[in-house]
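Working notes for the structure below.
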Amino acid sequence: MKQAISINVNGVDYPGEVEPRMLLVHYLRDVLGLTGTHVGCETSICGACTILIDGQAVKSCTMFAVQADGSNVTTIEGLAANGNLHPVQEGFWECHGLQCGYCTPGMIMTSTQIIDRNPDPSREEIRHGLEGNLCRCTGYQHIVEAVEYAAKKASA
Amino acid sequence: MADKYVGKRVKRTEDPRLIKGLAHYVDDIGLPGTLHVAFVRSMYAHARITGIDTSEALKVPGVVAVYTGKDIATKIGPVPCAAALPDLKVPDYRVLATDKVLFVGHPIAAVVATDKYAARDAAEILYPGVELEELPAVVSIIDGVPTTPVIHEHFGDNIAYKLTSGEGDIEAAMKAADRIVKQKMIHQRLAPIAMEPRGVLARYFPGEEELTVWSSTQIPHLLRTQLALMIGIPENKLRVITPEVGGGFGSKLNVYAEEALLGWISMQLGKPVKWIESRRENVAATIHGRAQVGTVEVGIKNDGTITGLRYNVVADLGAYHQLLTPAIPTLTGLMLSGAYKIPAIQMNVTGVFTNKMSTDAYRGAGRPEATYVVERVMDVIARELNLDPIEVRRKNFPKADEFPFHTATGLDYDSGDYEAALKKALDLSGYQKLREEQKKARDNGKLIGIGLSSYVEICALGPSQAMPAGGWESATVRIEPTGKVTVLTGASPHGQGQETSFAQIAADEVGVDLNDVTVIHGDTGIVQYGIGTFGSRATAVGGTAVLIAIHKLKEKAAKIAAHMMQCDASRLSFEAGCYSKQEAAAAAVTGKSEPVVPVGEGPAGALHEVPTPTNGRNKITIQEIALAAHIAKELPPDTEPGLSATYFFEPKNFTFPFGTHICVVEIDKDTGETKIIKYVAVDDCGKVINPLLVDGQVHGGIVQSIGQALYEEVVYDEQGQLVTGELMDYALPRASQMPWFDTDRTETPSPVNPLGVKGVGEAGTIGATPAIVNAVVDALSPYGVKHLDMPVRPEAVWRIIRAPEG
Ligand code: FES
Ligand code: FES
């Protein structure tokens with residue numbers, strides 16, 4: 001039986017009805033059409049599905065849409081404010097922090113939380129913060145540099 | 001060509017859509033009325049199908065159809081294998097299992113439903129309706145060729161093929177040796193794990209009789225040809241589109257059962273159908289890589305000179321042949337000379353069937369195995385002779401002036417300076433100092449190891465003679481009436497960044513702004529036939545096609561320019577996208593003009609100064625010429641309107657990048673864990689178009705090597721059950737485990753193509769693995785360790801450390 005929910009996604013309220021078993025990532029992708037959030041494992045390992053819920057990085061593949069009822073969600077599509085890239089997005093572009101781009105939205109969302117919590121993270125702290133996000137392409141080094149770039153940029 | 005962009009760290013043009021979450025991978029494409037497919041797959045490694053009852057599944061609300069192997073066995077052609085080897089046994093590989101299932105993950109039935117939840121529900125409900133009679137499975141090749149049971153009964157045994165390759169008198173070479181070094185080595189089975197699993201969307205228009213297949217693939221055109229044959233649709237009614245592809249690493253260099261099935265189902269139902277692979281399916285039913293067990297024997301002189309090398313190897317092919325399965329071990333045979341002069345080489349390979357997923361091309365594809373064998377055994381030799389591993393390598397390097405260099409594996413290495421790369425890596429790492437520190441650390445009871453690898457790889461695959469389905473690559477370059485430059489490449493990049501690097505080549509060569517160039521790929525409805533992206537070939541072969549297409553285009557543009565400025569084409573010079581009429585005398589005196597480049601040749605000379613205008617127009621931009629060529633009122637006689645050129649570049653040889661990697665590890669005595677504390681990579685991939693992209697390829701490749709050396713393995717148990725079926729069990733390298741990479745380059749241009757590029761996509765995966773294992777073995781040498789098999793797990797190391805002395 002469908003359940004009524006209302007989630008604010010990227011500043012817009014979306015009231016709707018969903019099956020209780022619908023995963024949040026499927027709700028975002030298939031119902032709201034926000035396909036920037038990816039699915040890479042379905043088991044909370046890869047982080048491709050990372051979004052922010054009330055400012056916290058969360059893996060949306062292992063959460064039901066109904067559990068997000070009443071919360072504020074930010075997805076990769078909502079990160080660039082007024083068309084200006086977020087410093088983390090800029091960092092990924094500047095430092096070649098992506099190749100195939102599939103892990104990238106999740107990586108970027110997690111990275112925003114890293115510099116949110118610690119405006120001047122060391123390389124080790126960045127790597128630790130990225131532990132829940134897998135990338136098969138970049139070897140991570142350029143991602144670490146991208147986050148360093150973003151941290152500098154954000155605190156400048 | 002003025003190098004405004006080529007050679008520079010140009011930010012990627014593909015990135016904005018990717019970092020904003022606005023790019024489209026297959027699953028991001030939604031078509032109204034799309035049906036969803038889920039597969040019922042075998043949970044057994046080997047079993048006979050005695051019956052399938054689909055009735056319960058068909059009752060699930062939303063289910064539209066269920067297909068089984070028996071329904072469609074004769075309607076869709078077999079999954080193709082393009083590898084041609086003498087006496088190769090090729091099993092009949094149907095898109096759904098008919099009589100037997102041969103590996104965990106083998107598709108048995110396809111369920112089609114109105115939404116993906118319903119499809120998965122129905123697949124789960126169907127599974128108990130599949131009657132399977134379990135059979136013993138053929139799993140391990142560690143002890144040689146498994147004889148019973150026979151997987152494909154009509155073949156009589158489990159041997160798919162046997163092959164001997166190499167040149168030189170191996171027996172004489174071994175006799176000439178002072179001693180023989182012998183080492184067994186295991187190359188464990190790996191899963192490529194592109195972060196985007198496979199996915200297919202197919203839409204058939206019954207009226208137009210046209211089928212479009214969106215697939216996450218590395219080879220759109222080859223896939224189109226094969227799917228047309230499998231499904232029986234005319235190839236010119238089939239369009240394959242590869243939207244954004246989330247990594248491939250060889251796993252999408254294939255033609256899969258699901259791709260054909262989806263196309264066929266869409267034709268049956270007249271509706272769009274979609275299947276997105278789950279990660280569980282991806283680990284079980286997307287190709288694996290490596291999986292060789294071999295013994296290398298090397299004849300050596302007491303000074304370290306190698307007289308000959310023999311490698312006897314069993315390759316675990318899995319249950320069926322995918323596109324290139326049996327060919328992969330032959331690439332191992334090609335690269336067994338490594339970076340060394342070895343007078344005689346022999347490989348004896350036996351390819352065997354097992355009850356597992358097929359192995360095929362995973363990043364490096366046969367070459368990492370060869371490099372590992374050679375670079376690992378160099379260290380074994382050094383230990384045997386009590387020599388420095390560097391000295392053994394140096395002793396056997398060909399000198400820079402010995403290129404092109406013929407190997408006893410039948411190759412001609414194009415160019416190289418192995419000593420230069422080695423020296424640079426030694427300097428960059430401070431090798432001498434590292435050894436001193438290692439000694440001190442050992443005295444303090446610490447386990448530090450230093451390992452190196454001087455690799456050569458074979459890239460830019462390749463001349464068509466050596467390839468199953470063409471080794472060339474194509475490009476069309478057009479200048480549109482508005483002056484925008486469109487590049488259509490037959491390569492099919494999926495993360496490598498060729499939208500940027502090809503635009504760099506084109507922008508420099510045409511003399512326009514980078515933003516005026518768009519690179520289009522991966523759509524057989526738009527792009528001329530191409531081969532695709534694999535084997536580190538896209539830039540060396542595809543980039544060259546772009547370059548030469550532009551040369552062709554400029555030949556025509558120059559003719560039009562000359563006509564428009566009423567002069568002879570020989571009096572034109574070209575600079576920054578502009579043709580100028582040059583006074584004959586001035587040109588002769590300064591001698592600095594860049595002549596109009598004939599097809600197939602590189603640009604010559606520096607740029608000229610623009611001459612003073614005399615009468616009429618003296619300068620005209622190539623973009624103006626493009627407009628004139630389309631309006632076609634002011635063209636020279638007998639000139640075809642329009643301004644575009646297509647070129648199919650056929651390389652005359654492969655290219656052979658090389659380099660030296662140095663790895664330093666520290667082993668935790670309490671846990672047995674290996675930590676890489678320093679990593680230096682000096683790679684030579686010829687000329688570099690974009691250093692940023694090259695660094696990215698090198699980093700990513702090394703990390704996949706680290707994965708193989710320390711963490712990853714596809715594990716099947718004795719029953720053939722897949723134990724590492726999810727990312728929870730299959731250990732991919734994480735950011736926190738990876739070291740910082742210090743990278744540098746030497747640059748030895750390849751003579752094989754006018755760009756001088758060699759390719760770099762697989763260097764890291766090929767060069768790094770032995771450096772890491774060599775470092776671990778070096779660290780454990782105080783315990784008498786001479787060799788360790790991959791992945792070097794903490795437990796194995798811990799046991800060595802804890803073993804009672806002696
Ligand atoms: S898809 Fe959610 S963590 Fe991988
Ligand atoms: S960029 Fe491809 S997985 Fe990270």
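The candidate from B:Glu244, B:Glu726, B:Gln704 with the greatest count of non-hydrogen atom pairs under 4.5 Å with chain A is B:Gln704. Between chain B and the residues A:Val88, A:Leu98, A:Ile126, the largest count of heavy-atom pairs under 4.5 Å involves A:Leu98. When the candidates B:Asp115, B:Ile702, B:Leu693 are compared by the number of heavy-atom contacts under 4.5 Å with chain A, B:Leu693 comes out ahead. Contact count against chain A (heavy-atom pairs under 4.5 Å) is highest for B:Pro16 among B:Ala194, B:Pro16, B:Gly497, B:Gly30. Heavy-atom pairs under 4.5 Å with chain A peak, among B:Ser278, B:Ala23, B:Pro197, at B:Ser278. In terms of heavy-atom pairs under 4.5 Å with chain B, the best-connected choice from A:Ile143, A:Thr43, A:Asp30, A:Leu134 is A:Leu134.
Put simply, the side chain of B:Arg12 gets close to the backbone of A:Gln99: a donor and an acceptor are under 3.5 Å apart. A:Tyr149 contributes no side-chain N or O that, together with a main-chain N or O of A:Cys95, makes up a donor-acceptor pair within less than 3.5 Å.
Taking 4.5 Å as the limit, every side-chain heavy atom of A:His38 sits out of range of all side-chain heavy atoms of A:Thr104. Residues A:Thr74 and A:Ile51 have side chains not in contact (no heavy-atom distance under 4.5 Å, counting atoms from C-beta outward). The shortest side-chain heavy-atom distance between B:Asp28 and A:Arg29 falls under the 4.5 Å cut-off.
A salt bridge is absent between A:Glu94 and A:Lys153: the closest approach of a Lys/Arg side-chain nitrogen to an acidic carboxylate oxygen does not fall below 4.0 angstrom. A salt bridge is defined here as a Lys NZ or Arg NE, NH1 or NH2 lying under 4.0 Å from an Asp or Glu carboxylate O, and A:Arg123 with A:Glu148 meets this definition. Using a cut-off of 4.0 Å between Lys/Arg side-chain N and Asp/Glu carboxylate O, B:Glu712 and A:Arg136 are scored as salt-bridged.
Residue contact with chain B, scored on non-hydrogen atoms closer than 4.5 Å, involves the side chain of A:Leu85 exclusively. Contacts of B:Tyr25 with chain A are made by side-chain atoms alone, with heavy-atom separations under 4.5 Å and no backbone atom involved. Residue A:His26 touches chain B through its side chain alone, counting heavy-atom pairs closer than 4.5 Å. Residue contact with chain B, scored on non-hydrogen atoms closer than 4.5 Å, involves the backbone and the side chain of A:Met22 alike. Of the two parts of A:Glu125, neither the backbone nor the side chain holds a non-hydrogen atom closer than 4.5 Å to a non-hydrogen atom of chain B. Contact annotation for B:Gln737: neither backbone nor side-chain heavy atoms come within less than 4.5 Å of a heavy atom of chain A. If you measure heavy-atom distances from A:Tyr140 to chain B, the contacts under 4.5 Å come from the side chain alone. Only the backbone of A:Thr138 comes within less than 4.5 Å of a heavy atom of chain B; no side-chain atom from C-beta onward does. In this structure, chain B has heavy atoms under 4.5 Å from both the backbone and the side chain of A:Glu131. For B:Asp27, the parts lying under 4.5 angstrom from a heavy atom of chain A are both the backbone and the side chain. Heavy-atom distances place the backbone of B:Pro192, and not its side chain, under 4.5 Å from chain A.
Residues A:Ser44 and A:Lys59 bring no donor and acceptor atom of their side chains to less than 3.5 Å of each other.
Taking the ring centroids of B:Tyr679 and B:His661, they lie under the 6.0 Å cut-off.
Surrounding CD of A:Glu124 are at most 12 heavy atoms belonging to other residues, nucleotides or ligands under 6.0 Å away.
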